[in-house]
Amino acid sequence: MRIATWNINGIKARLGLLLTWLEQEKPDIVGLQEIKSVDEGFPRAEIEALGYNVETFGQKSWNGVALLSRLPFDEVHRGLPGDDSDEQARLIEGVFSIEQGVVRVCNIYLPNGNPVDSPKFPYKLAWMDRLATFCEKRLALEEPFILMGDFNIIPAPIDAHDPEAWWGDALFRPESQERFRALLNLGLRDGLREVTDEASYTFWDFQAGAWRRNNGIRIDHLLLSPQAADRLEMVKVHRDVRGWDKPSDHVPVEGRFTL
DNA sequence: ATGGTCGAACGTCGA
């Protein structure tokens, strides 16, 4: 089974790119972030025509996440528990039946948190604390569970081409990194780090020739429960997609599993 | 070293 995460940065501007990639790669499950669309505006028919079931959790202009799956959805959950006043669409989870039982895939768009002297940074940290509580409950199920998405976290200096430039940024702040490690310390595994110790970026800014200079960062992750990590075959960062016409600033990251 | 780019939506925010 092939499961991918991709911050698409606007589904309307990126539909052609997405369809081309889906036809080429034929992943089983895809989590999209930053669809920047309400549910009614999401181009579901075009994606369904390629054989995918589509579930969205959209919002006007900003944020928004979606799950695409060749398997039918047994369950869908929208929103991160723990704060009824949080109206930002940043989490959608699907549960799917497989031969050996189930696989649970949670797709997130974690808050960016910049600027750090604004309310956005404490919102990010509180969101991550809520996410840890959520993951604790998911891990207790002892299922193959994949938490994937745009985490807006650079876990370590090797995950940035120019780590000095990110000093003080919400993506690199110790408060952010320690909460990312807290997820790992619950028992989740960093999928990419299961397969390589090398630098492997997933985002290159649109500005200042970042792609041309390979000035990238790794902020899109697949975190795996032990039951999912046991079945991990490989993780592939589809970096070639960053060089396609009208790309997103993020590329797809795919995990392959013997599920 | 500095200024630089996108998307959504039509002014300006968010990244």
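Every chain is numbered from 1 and lettered A, B, ... according to where its sequence line falls, protein lines coming before strand lines. Side chains are part of it too, since the values below use all heavy atoms of this structure and drop only hydrogens, waters and symmetry mates. Predicted, not measured: the structure shown is a model, and the values here were computed from it.
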Student: List the residues meeting side-chain hydrogen bond (donor to acceptor under 3.5 Å, both in side chains) with A:Glu178, not counting sequence neighbours, and say none if there are none.
Tutor: none
Student: Apply side-chain hydrogen bond (donor to acceptor under 3.5 Å, both in side chains) to A:Arg44 and list each qualifying residue two or more places apart in sequence or on a separate chain.
Tutor: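 In terms of side-chain hydrogen bond (donor to acceptor under 3.5 Å, both in side chains), with neighbours along the sequence ignored, A:Arg44 is linked to A:Glu48.
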Student: Hey, where on DNA chain B does chain A first and last touch, going 5' to 3'? Cut-off is any atom under 4.0 Å from a heavy atom.
Tutor: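 On DNA chain B, the outermost contacted nucleotides are B:dG3 to B:dA15.
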Student: Check DNA chain B against residues 4-15 of chain A and give the residues with a non-hydrogen atom under 4.0 Å, in numerical order.
Tutor: A:Asn9, A:Gly10, A:Ile11, A:Lys12, A:Ala13, A:Arg14
Student: Sequence neighbours left out, what passes side-chain hydrogen bond (donor to acceptor under 3.5 Å, both in side chains) with A:Arg213? Give chain and number order.
Tutor: none
Student: Expressed in whole Å, how much space separates the P atoms belonging to B:dG7 and B:dG3?
Tutor: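 Going atom to atom, P in each nucleotide, I get 24 Å.
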Student: When clusters are formed from ILVMFWY side-chain contacts under 4.5 Å, directly or step by step, what else is grouped with A:Val102?
Tutor: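 A:Val95, which link up through side-chain heavy atoms under 4.5 Å apart, make up the rest of the cluster.
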Student: Using a 4.5 Å cut-off between side-chain heavy atoms of Ile, Leu, Val, Met, Phe, Trp and Tyr, which other residues end up in the same hydrophobic cluster as A:Val116?
Tutor: A:Phe121, A:Leu125
Student: How do A:Asp150 and A:Asp205 order along DNA chain B: which one's closest nucleotide is nearer the 5' end?
Tutor: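 First, find each residue's nearest nucleotide; the 5'-ward one identifies A:Asp205.
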Student: In chain order, what residues pass the ring pair (Phe, Tyr, Trp, His ring centres under 6.0 Å) check against A:Phe203, with sequence neighbours excluded?
Tutor: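 Result, ring pair (Phe, Tyr, Trp, His ring centres under 6.0 Å) vs A:Phe203: A:His250.
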Student: Which atom pair, heavy atoms only, marks the closest approach of A:Pro27 to A:Arg70?
Tutor: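 Minimum heavy-atom contact is O-NE, 3.4 Å.
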Student: According to ring-ring contact (aromatic ring centres under 6.0 Å, His included), does anything in residues 158-199 of chain A pair up with another residue at least two apart or in another chain? List the pairs.
Tutor: A:Phe151-A:Phe180, A:Phe180-A:His221
Student: Does A:Gln88 or A:Gln207 map to a spot on DNA chain B nearer the 5' end, using the closest nucleotide for each?
Tutor: A:Gln207
Student: Please measure how far the P atom in B:dA15 lies from the corresponding atom in B:dA9, and state the result in whole Å.
Tutor: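 The answer is 15 Å between these two P atoms.
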Student: Which is true for A:Phe203 with a 4.0 Å heavy-atom rule: it touches a base, it touches only sugar-phosphate, or it touches nothing?
Tutor: nothing
Student: Please measure how far the P atom in B:dC6 lies from the corresponding atom in B:dT2, and state the result in whole Å.
Tutor: 23 Å
